[in-house]
2 protein chains.
Amino acid sequence: MATTIKDIAKKTGLGLATISKYLNGGNVLEENKIAIEEAIKILDFRVNEFARGLKTSKSKTIGVVIPELSNIFCTSIITVIEDILRQNGYGILVCDCRTDEKLEYEATEFLVNKMVDGIISMPVSKNGEHLKLPLSKGIPVVLIDRKVEGLNVDAVLVDNVAAAENAVEYLIDHGHREIGIICGPRDVFTSHQRQLGYSQAFIKKGLFPKQELIEYGDYTVESGYECLKKLLVKNEMLSALFVTNYEMTLGAIIAINELSIKIPEQISLIGFDNMHLSQVVQPKLTIISQPIHQIAENVAHIMLKRLVQDKYDEAQVINLSTQLILGESVLSKNI
Amino acid sequence: MATTIKDIAKKTGLGLATISKYLNGGNVLEENKIAIEEAIKILDFRVNEFARGLKTSKSKTIGVVIPELSNIFCTSIITVIEDILRQNGYGILVCDCRTDEKLEYEATEFLVNKMVDGIISMPVSKNGEHLKLPLSKGIPVVLIDRKVEGLNVDAVLVDNVAAAENAVEYLIDHGHREIGIICGPRDVFTSHQRQLGYSQAFIKKGLFPKQELIEYGDYTVESGYECLKKLLVKNEMLSALFVTNYEMTLGAIIAINELSIKIPEQISLIGFDNMHLSQVVQPKLTIISQPIHQIAENVAHIMLKRLVQDKYDEAQVINLSTQLILGESVLSKNI
DNA sequence: TCTCTTAAGCGAAACGTTTCGCTCTATAGG
DNA sequence: CCTATAGAGCGAAACGTTTCGCTTAAGAGA
């Protein structure tokens, strides 16, 4: 059987309460402190987190629910979050829900049953149904990237409207008019925002966004591929394209290469996320880059704050802005 | 306070032991079963995992230690592992150690302290020092991708020697002689294996691998970039290149594009991992593809097996083979 | 009818912490 | 010298399960 606090008490001749006090940072005489530390080292004592959790109802574990672990945007953020939380003694329990609302619900329930102290969610469901359980139990929730209407919850967002608007405005300024967009799913918050920015850019310039220039994918490589082909069938004059996430950008490029269409001579392209890809493809891509590090830091710190807070004040919503990084994938078009 | 087993007992008029028996799949009269289920639903009862863990010493959680969460090979595997384990009631506690031995050790200790039931590790350290703690506590360990000498532990590996040998042989068969290789770190198992395969291919063909054709990176994009440049300085006649992981392949391509070198006219290239990239770049890449799904499935199933096994028989080592996927990045060279 | 077997249910003890409320000692203030 | 105060230490109870060993009831076999 493993060493317990009782063994340490016996070894040092001190009481249980004193050992416990030491473990939790209380005041203990210097000589006793030394004795305890020695006993702990010799007996290789480790706190039994089950017993501690049973008393304190804290697991020092945060649940993370994301749409896809194989999505580079998700994992980039998780890396940083994990780093910060671990430095603060927290572990992260990761669940990917394959962009499925039912699985998302199940994953969240799974995490609540696993007694996580908090939940970080990049929500798939529109109404955030899955968050009601943790919220009803007083488990703090922090949202990444997508806001859920009607739920008073902390969130760290990116100004997707402005991001898309900038990209499309840039294309319009370069003389493009027939600008296609490959959006994410219709009912996803970020996707909707990016489409809104697209439309606003047109309107701002006194133009009208045409319905046949808009295609909806599901944030996968395959859908980017399919959407590009559909766009080309419907729009012979397509001169530029804006793709609204990394994976679909990949898909679109695969299709473009396959059709032997030249970027930017035949089609101008603005992609999304991930700086590496933008440099690998020839020519270098012009992309919208999201502040991944900042997003993650904000999420982690808000969570840490909530974990030590007893009363819940107003939810905190942080809005970060994106950057348009210029490559060589957009050509000026003579009008 | 949350509902406990006692509340269920009170509500149904049954004893504690009976409720517990029901919860753990024991035999209970049909009518009592129904009563219990109803009470559970009405009172929204959830097992307190702390209390259960305290009694059973099982957390139903598996720790995963990987070098980098932002490494696509790692996350692709984790996605599948997580899926399988969750279906079996297990959660995964993920730690990335930034390819740092010290952090790897700390992460493992952290996981042991968090009472994980098993540890899945893609080891960074050569001697597997970090695994001694879990092993000494009887916590099962399954290794991914890298074997640790002198440790009797389950492992799921890929035949990296054959993988590299195939790739290089293919290049030699296409008339190449000045074939550069960008390896991983010298002291990493897989890296060493891949270099071995490289050398063996030369020897098999009656040729000799020249030292100046070998460069060592550290599996990052940046190192791939640097290594390529170094190789070119040292080898004016370089006609082909084999890069031994995904990130370094990316780096090498960035450098090649930057130098306006044409693939495959000026240099032939065989990359590693990730099928998407291979189709995105122009021309399509010829790559070594690892059986990611199979690796993950094997790891998960071995772990599940160990979790229910009381006595430890001989460690199981599974060797999977890779595939050479042909693209258009290798040109036949007239000799 | 009696005995044996099996199924089902039961209470109490135990798991290893934290924490409440208490005691003891030493020191300072008057 | 006495008392008040603070610092340090202490034991016991409690957290919510699982499990051991027991009892009871029901049914089968003779």
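Within every chain, numbering begins at 1; the chains are lettered A, B, ... in the order of the sequence lines, protein sequences first and strands thereafter.
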Over-ring placement of A/K147 relative to A/F189, 6.0 Å and 45° cut-offs: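 Output no; distance or angle outside limits.
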Please give, in whole Å, the distance from [N] [atom2] to [X] [atom1]?
X      : N      : atom1 : atom2 : result
A/L14  : D/dG11 : CG    : P     : 10 Å
B/M115 : C/dC15 : CE    : P     : 15 Å
A/I8   : D/dC10 : CD1   : P     : 14 Å
B/Y22  : C/dA7  : OH    : C1'   : 19 Å

Neighbour count above 12 (heavy atom, 6.0 Å) for A/E38 CD: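 Not buried by this count: 12 neighbours or fewer within 6.0 Å.
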Enclosure of A/K305 NZ (heavy-atom neighbours >12, cutoff 6.0 Å):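 For A/K305, atom NZ is crowded (more than 12 foreign heavy atoms under 6.0 Å).
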Within-4.5 Å side-chain heavy-atom neighbours: B/Y219 and B/S191: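 B/Y219 vs B/S191: side chains touch.
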Close side-chain approach of A/L320 and A/I318, heavy atoms under 4.5 Å: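 Yes; the side chains approach each other to less than 4.5 Å.
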Please tabulate, one pair per line, each protein N/O and nucleotide N/O from nucleotides 21-26 of chain D that are separated by under 3.5 Å, including the distance.
none

Sugar-phosphate, base or nothing in reach of B/L54, heavy atoms under 4.0 Å: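 Counting heavy atoms under 4.0 Å across all strands, the contact made by B/L54 includes a base.
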Base-contact (B) and sugar-phosphate-only (S) positions in nucleotides 17-26 of chain C, heavy-atom cut-off under 4.0 Å, - elsewhere: BBB-------
Under-4.0 Å salt bridge between B/K41 and B/E37: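 Not counted as a salt bridge, because no side-chain N and carboxylate O are separated by less than 4.0 Å.
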Phosphate OP1/OP2 of D/dG7: any A/N27 side-chain N/O under 4.0 Å: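 Negative; the distance criterion is not met.
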Flag for B/S59-B/E49: side-chain donor and acceptor within less than 3.5 Å: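 Side-chain D/A pair, B/E49 to B/S59: absent.
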Nearest-0.5 Å distance that lies between atom NZ in B/K33 and atom OH in B/Y22: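 These two atoms lie 7.5 Å from each other.
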